[in-house]
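Sequence lines set the chain letters: A, B, ... in the order given, protein chains first and strands last, and positions in each chain run from 1. This one's a predicted model, so the numbers in the text were calculated from it and none came from an experiment.
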Amino acid sequence: MKNKIKSVKGTYDLLPSEIYKWQEVENKLRSIFSLYNFLEIRTPIFEKSKLFSRSVGEFTDIVNKEMYSFLDKGKESLTLRPELTASVVRSYIEHNFQQISSIHKIWYYGPLFRQEKPQAGRYRQFYQFGSEIFGSAYPESDVELIDLAYTIYTKLGLKNWTLYINTLGKKENRNKYIEILKESLFPYKDKMCANCKNRFDKNILRLFDCKNSNCKKIMNEYAPLIIDHLSNDEKDYFEEVKSLLDQLNINYEIDPTMVRGLDYYTNMIFEIRSENLGSQDALCGGGRYNNLVEDLGGKFTPAVGFAAGMERLMIAMEKENLFKNESEELDIYIAIMNKNVRNKAMQIVKEIRNNGHSVDMDLQRRSVKAMMREANKKRAKYSIVIGENELQSGEVNIKTMESGKAKTVKIDKINDFLSV
RNA sequence: GUGGUUGUAGCUCAGUUGGCAGAGCGCUUGGUUGUGGUCCAAGUGGUCGUGGGUUCAAGUCCCAUCAUCCACCCCA
C-alpha cells in the first residue's frame, strides 16, 4: 500500500466486472428518451465560472463552496461543471436554437463535479442524466417531462419511490410571498438555529428544509405556505398540471414545503424520492425555469427540466435486485494447441469475428484444460480446440458448452454452423 | 466544515488476557498423451492503512496521521 497512487477522494472506478449494469441502464434510458422524441446534447466538461454563478445562484452552496474552479493560462476562471442545465442553456443561446425551431426537447448524460464530503449516494465526480424542454409555457410540457421521469423509473422496474410536486409561483409573486414569510417569522427568528438565522435574510425559503425540531415546530405553526399565496393564474396553472397528471394515472403527492437548492426555478417543481436510499434519497429533481434563458442573455424562453443522479439510481436498483447476476456472453472460445497451428487458428478466429460472432482465444499458451476452464469462465456458448489433427483433416469439433455435446464441422463451414 | 464508524490476502471476514499471520471464496497447476462446469489434491497470495510510542514481545495497548463509510450539511 506504500507508494500506490489511489483515486481522488469521492471518485471511484467503474470496473469491467460491473460495467454491464451501467450499460444496461444507459441503453434503456436512450430508448426511453427516443420514445419521447428527445434528442441528446453533449457539452464540454468545463465552462466559464460565471456561467454557474449567474444561473445556479451566487449564494447557493454549489457556487459558494463546492465548485472545482481554476485559472487557465489566460487567467480566466473556469469551472468543472457542477450541473448541466446551465451548460445546455448556454449552448441553446450560443447556437440560436430558438431560430431553428420554436420547441426543443433535449436530454443529456455525463459526469459532474462538486467538492462535497462524500457519503452514501454522493460523490465528487458523479453522473447525471436529465432533460429539458425549451419553448413551451403550457402545463402539457411540465407533464410530459414529469411523465418522462416517471416512466423511466417505472420501466427500469424500480418500485419503492414517490413523486412529489409543488409550485413556487412566478418570481414577482414569490418575492411578495417571501416578504410575508419574513414578516410572519420575524418574531421567532431569535429562537431558531444558527443556520436558519443566517438564511433568514439570504434564502428564507430554505428554512422549510431545516431538520432542527424546534425550527420545524416554528415553521409548522407560523410559516404561511406559498401554495396559499398564489395568484389566480398560478393556481390555475398548478391545477392544470395536477389534472393532466391524474389523466395519465401518474401518482403524486403534494409537498407544500418542498423548495429547490438552485435559484432558477419558477412555478412547478418536482422531486422523486426513493424509500430505500439513505439520507441522499432524491433520485431526480426538476421544475420550470422560465427566466433562465433570458437571465443568461438569450431571448425570453419558457423551459422545464429535470436532472437525475445515476449513482443513486444504481444503488436503489441494486437494493431491489434488479440486475441479473451475469455479465456478457461469448459466442465462441477457441483453444489453440501449439505454435504449428497458431497462424492458421488466428486466421480462423478473425474470419468468425468478421462474420459477426464474438470470439475469444487463448493468449497465454496454457494447457487445453486451462483453456477449457477459461471458456467456461467466460460463459462461451461454444468451444473449439484447434490442433494439428484439425488442420490435417480440415474438420473441427464444435462443442456446445451447456450440453457438453460436440459436432464435427468442416473448417470453412464454421460460420455457416454458427449462423444457424 | 462538524460528529461518529471501520481499516488484516484480489474479495468477504476470523484473530482470545499482548506470545510463530488464519479461514472461506478467488487465482494457478495437477488428478496419464488434446477438452470446462461438480469433485479431489497441491500451490499462489499479507511491511495487519501509515508514522511514532509503551513492552522481552504489538494485528492486539497508547498517541498522531491518512483513507473509508455513515450522519449533519447540501443535493441528483
* Judged by modelled atom types alone, do A:N415 and A:E351 share a side-chain donor-acceptor pair under 3.5 Å? -> no
* Is it true that the side chains of A:S141 and A:R288 contain a donor and an acceptor less than 3.5 Å apart? ->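 A:S141 vs A:R288: donor-acceptor pair found between side chains.
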Pairwise [atom1] distance, [M] and [N] [rounded to whole Å]:
| N | M | atom1 | result |
| --- | --- | --- | --- |
| B:C63 | B:G4 | P | 14 Å |
| B:A58 | B:C70 | C1' | 30 Å |
| B:C66 | B:G52 | C1' | 14 Å |
| B:U8 | B:U47 | C1' | 12 Å |
| B:G26 | B:C11 | P | 15 Å |
| B:C72 | B:G59 | C1' | 33 Å |
| B:G10 | B:G53 | C1' | 33 Å |
| B:A64 | B:G24 | C1' | 36 Å |

* Of all the nucleotides listed (B:G3, B:C75, B:U35), which has the minimum atom distance to the side chain of A:K117? -> B:G3
* To do: Look at A:Q119 and B:A71 and indicate whether a side-chain polar atom (N or O) is within less than 4.0 Å of OP1 or OP2.
  => yes
* Asked: Would one find a side-chain N or O of A:S279 under 4.0 angstrom from OP1 or OP2 of B:C72?
  ->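 Result: yes.
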Side chains of residues 396-406 of chain A: which donor-acceptor pairs under 3.5 Å do they make with residues two or more places apart or in other chains?
from   : atom 1 : to     : atom 2 : distance (Å)
A:N397 : OD1    : A:T408 : OG1    : 2.8
A:S403 : OG     : A:K405 : N      : 3.2

Sugar-phosphate only, base, or nothing, as touched by [X] at under 4.0 Å among non-hydrogen atoms:
| X | answer |
| --- | --- |
| A:F126 | base |
| A:A375 | nothing |
| A:G121 | base |
| A:G404 | base |
| A:N397 | nothing |
| A:Q115 | nothing |
| A:E402 | base |
| A:K9 | sugar-phosphate |

Please report whether the ring centroid of [Y] lies less than 6.0 Å from that of [X].
| X | Y | result |
| --- | --- | --- |
| A:F134 | A:F97 | no |
| A:W107 | A:Y36 | no |
| A:F129 | A:Y108 | no |
| A:Y150 | A:W161 | yes |
| A:F270 | A:Y252 | no |

* To do: For the residue pair A:F33 and A:F38, categorise the inter-ring angle as parallel (less than 30°), tilted (30 to 60°) or perpendicular (more than 60°).
  =>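 Rings of A:F33 and A:F38: tilted, 30 to 60°.
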* Asked: Can you say whether the rings of A:Y265 and A:Y289 are parallel (under 30°), tilted (30 to 60°) or perpendicular (over 60°)?
  -> perpendicular
For atom [atom1] of [X] and atom [atom2] of [N], their distance in whole Å:
| X | N | atom1 | atom2 | answer |
| --- | --- | --- | --- | --- |
| A:E388 | B:U33 | CD | P | 17 Å |
| A:I384 | B:G34 | CD1 | C1' | 15 Å |
| A:M372 | B:G34 | CE | P | 14 Å |
| A:K369 | B:A42 | NZ | C1' | 13 Å |
| A:E116 | B:A76 | CD | C1' | 10 Å |
| A:L277 | B:C70 | CG | P | 11 Å |
| A:F113 | B:A76 | CZ | P | 17 Å |
| A:Y123 | B:U68 | OH | P | 11 Å |

* If each of A:T11 and A:L283 is mapped to the nucleotide of RNA chain B with the nearest heavy atom, which maps nearer the 5' terminus, i.e. the 5' end? -> A:T11
* Structure fact -> Of A:A120 and A:A282, the one whose nearest nucleotide on RNA chain B sits closer to the 5' end is A:A120
Do [X] side-chain and [N] base share a donor-acceptor contact under 3.5 Å?
| X | N | result |
| --- | --- | --- |
| A:R273 | B:C75 | no |
| A:N376 | B:G37 | no |
| A:E66 | B:C73 | no |
| A:R122 | B:C69 | no |

* Side chain A:D13, main chain A:L15, donor-acceptor under 3.5 Å -> no
* According to the Watson-Crick and G-U wobble definition with distances under 3.5 Å, which dot-bracket string, read 5' to 3', encodes RNA chain B, using [ ] for crossing pairs and | for pairs with another strand? -> ((((.((..((((.....[..)))).(((((.......))))).....(((((..]....))))))).))))....
Do any N or O atoms of the protein come closer than 3.5 Å to N or O atoms of nucleotides 26-29 of chain B, and which pairs are they?
from  : atom 1 : to     : atom 2 : distance (Å)
B:C27 : OP1    : A:K377 : NZ     : 3.4
B:U28 : OP1    : A:R366 : NH1    : 3.0
B:U29 : OP2    : A:R366 : NH1    : 3.4

* **Cation over ring face, A:R273 and A:Y164, 6.0 Å, 45°** =>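 A:R273 over A:Y164 ring: yes.
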